[in-house]
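For reference, the structure discussed in these notes is given below.
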Amino acid sequence: MKISQIIYTGFGGLGSVAFSLVEADRSRDHKWSIGFIGDVPLDEDYPPKCRETGADFAAFQSKSGRPYAAWFQLWRWLHRTKPDAVLLHSINSILPTFAYCLLNGRCLIAVEHTPNAVKTRNERVFSKLAMRLAHKVVLLTPEYEPELKEIQGSAFNKDKVSIIANGIDTHRFRPRSEQGTDRSQALRLGMAARFSYTKRQDLLVEMMALAKQTKGSDNWVLSLAGNGDEFERVRRLAVSLGVADRIEFVGLLNENELADWFRTIDVYLHASDGETLSTSLLQAMASGLPIVASGIPGISNLLEQNDHTIGLLANNDPQHFFEVIVNLVASDRRRVELAGLAREICLERYSNQVMLERYVAAIHAT
């Protein structure tokens, strides 16, 4: 079966999901291609990644606020390559992908990645169109469904909905051989995410200012992986608060670099105003790290599943984040328990093998 995935041209979690699906197909049962579309240039890591995984690819650059500028090019590419199924991770391209699938009798599956709470007006319009036009609409978590139903009203069609969690390559993202607890060494905290208006690296920088002033935490180091529109503002904040010497801005990392980076971290932090199912959190789980993250929908339901507490939740407040981390660090046993359970749950429910099986089943069900 020929499967095309449509994702954003810029670096982010969508790329990790798309390549995880390709890499999960170890027996090469399917022929994969990826169409990159967006208003920024194609990320430099994507072409070599496509060549490495054997996925054909093409890029289509639109203009900011005008996604339709590249729609015809995308449609022509699909018409030329003729995939049997299209996995649409960037829902604002629903119209050209629908046109291709309608004219050629192919399967279209739209994937809802954007948290409902932070969707723009245009994103809500495209989301409604996807519900009407796609054969299936994939949601990453069960909690997303009632939110989407409330937003879409009469456009919502439960019969089209499938729940498929994102999956991680648990071979690449794995624990380091031993989690160090040497009190004489600096505690290394880390967050990996795009610097955007919904991510709260600034909150963690403010938390580091509290840590610097407190005995016992004055040697903490915060490593921030990623780039984005808010990068310079957060960097300037670190300077103004006098903690620039305690914060590493490591920039964009490719998948292999990111996996290595996770193995340098002692505690993973994730501060955010909105999430659906964070790829970075899943990578941290697969890496066997204890986690402290914002107690918001999309994170709380991941870290507190049934009777399992996989990670600790904090209010989006620097003082509370600091207090939760201090309490976690005080108990080596608690850190080890959380890290082990996080890895176990990731292997069971969030591997890329499980994700691939569920997407293939959804395609066959249309």
Side-chain angles (χ1 to χ4, degrees), residues 5-18 20-21 34-40 43 62 64-68 71 86-98 108-134 136-153 155-157 160-167 192-200 226 228-230 270-283 293-294 296-302 316 350 355 359:
Q5 300 187 80
I6 311 302
I7 70 171
Y8 186 57
T9 48
F11 182 83
L14 299 188
S16 178
V17 173
S20 287
L21 278 167
I34 302 178
F36 300 94
I37 184 167
D39 56 3
V40 299
D43 185 88
S62 60
S64 181
R66 297 172 58 191
Y68 50 84
W71 283 353
V86 177
L87 304 183
L88 180 63
H89 298 287
S90 293
I91 285 188
N92 60 359
S93 295
I94 180 64
L95 291 177
T97 51
F98 168 71
L108 174 58
I109 295 182
V111 190
E112 286 274 9
H113 289 279
T114 305
N116 287 303
V118 301
K119 280 180 178 174
T120 64
R121 181 179 177 182
N122 283 345
E123 287 171 331
R124 293 192 176 205
V125 170
F126 287 127
S127 180
K128 284 186 176 182
L129 284 172
M131 182 63 72
R132 292 186 182 277
L133 302 179
K136 286 283 185 183
V137 175
V138 166
L139 313 183
L140 307 185
T141 67
E143 291 78 12
Y144 197 95
E145 184 173 333
E147 298 173 359
L148 191 63
K149 183 177 181 180
E150 182 178 355
I151 290 173
Q152 294 195 347
F156 183 80
N157 185 346
K160 287 189 174 184
V161 169
S162 293
I163 309 297
I164 303 177
N166 286 343
R194 184 171 177 78
F195 285 72
S196 68
Y197 71 96
T198 62
K199 300 298 186 286
R200 296 300 310 277
D229 297 338
E230 295 292 299
H270 200 84
S272 175
D273 286 331
E275 296 289 349
T276 303
L277 181 59
S278 167
T279 299
S280 295
L281 278 171
L282 295 181
Q283 291 167 340
S294 299
I296 61 171
I299 293 181
S300 58
N301 54 286
L302 173 65
N316 271 350
Y350 302 106
M355 176 174 61
Y359 270 105

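Computed from a predicted structure; not experimentally measured.
Without hydrogens or angle criteria, Lys136 side chain to Tyr359 main chain gives no donor-acceptor distance under 3.5 Å. Under a 3.5 Å cut-off, the side chain of Lys149 and the backbone N or O of Phe156 do not form any donor-acceptor pair. Put simply, the side chain of Ser278 gets close to the backbone of Leu281: a donor and an acceptor are under 3.5 Å apart. Formation of a donor-acceptor pair under 3.5 Å by the Thr9 side chain with backbone atoms of Phe36 is not found in this model.
Within the 4.5 Å cutoff, the side chain of Leu302 has heavy atoms near those of the Tyr350 side chain. Between Ser93 and Trp71, some side-chain heavy-atom pair lies under the 4.5 Å cut-off. In this structure the side chain of Thr279 never reaches within 4.5 angstrom of the side chain of Leu14, judged on heavy atoms. Residues Ile7 and Leu87 are not in side-chain contact: their nearest non-hydrogen atoms beyond the backbone lie 4.5 Å or more apart. Two residues are said to be in side-chain contact when any heavy atoms from C-beta on lie closer than 4.5 Å; Leu108 and Phe98 meet this criterion. At least one side-chain heavy atom of Val86 sits less than 4.5 Å from a side-chain heavy atom of Ile6. Met355 has its side chain within reach of Ser20: a pair of non-hydrogen atoms, C-beta onward, lies under 4.5 Å apart.
A pairwise comparison of heavy atoms in Pro142 and Pro146 identifies O-CD, 3.4 Å as the closest pair. Of all heavy-atom pairs spanning Tyr8 and Ser90, the tightest one is N-OG, 3.1 Å. Closest approach of Ile299 and Ala293 over heavy atoms only: CG2-CB, 3.7 Å. Nearest approach of Ile296 to Ser272, heavy atoms of both residues: CD1-O, 3.3 Å. The minimum heavy-atom distance between Ala130 and Ala110, with the atom names listed, is CB-CB, 3.9 Å.
One finds the CD atom of Gln5 at 5.0 Å from the CG atom of Leu21 (value rounded to the nearest 0.5 Å). In this structure, CD1 on Ile91 lies 8.5 Å from CE on Met131, to the nearest 0.5 angstrom. In this structure, CG in Asn116 is found 8.5 Å from OG1 in Thr114, a value given to the nearest 0.5 Å. Summarising the geometry, atom CD1 belonging to Ile109 is positioned 6.5 Å from atom CD1 belonging to Ile164; distances are rounded to the nearest 0.5 Å. With rounding to the nearest 0.5 Å, the separation of CD1 in Ile94 from CZ in Arg132 is 12.5 Å. How far CG of Leu139 is from OG1 of Thr276: 9.5 Å, rounded to the nearest 0.5 Å.
Residue pairs satisfying the salt bridge (charged side-chain N to carboxylate O under 4.0 Å, His left out) criterion with at least one member in residues 112-124, sequence neighbours excluded, are listed as follows: Glu112-Lys119.
Of the residues listed (Arg194, Glu275, Lys199, His270), the one engaging Ser280 in a side chain to side chain contact (heavy atoms under 4.5 Å, CB included) is His270, and it is the only one.
Under the 3.5 Å distance criterion, with hydrogens and angles disregarded, a donor-acceptor pair is assigned to the side chains of Asn316 and Asp273.
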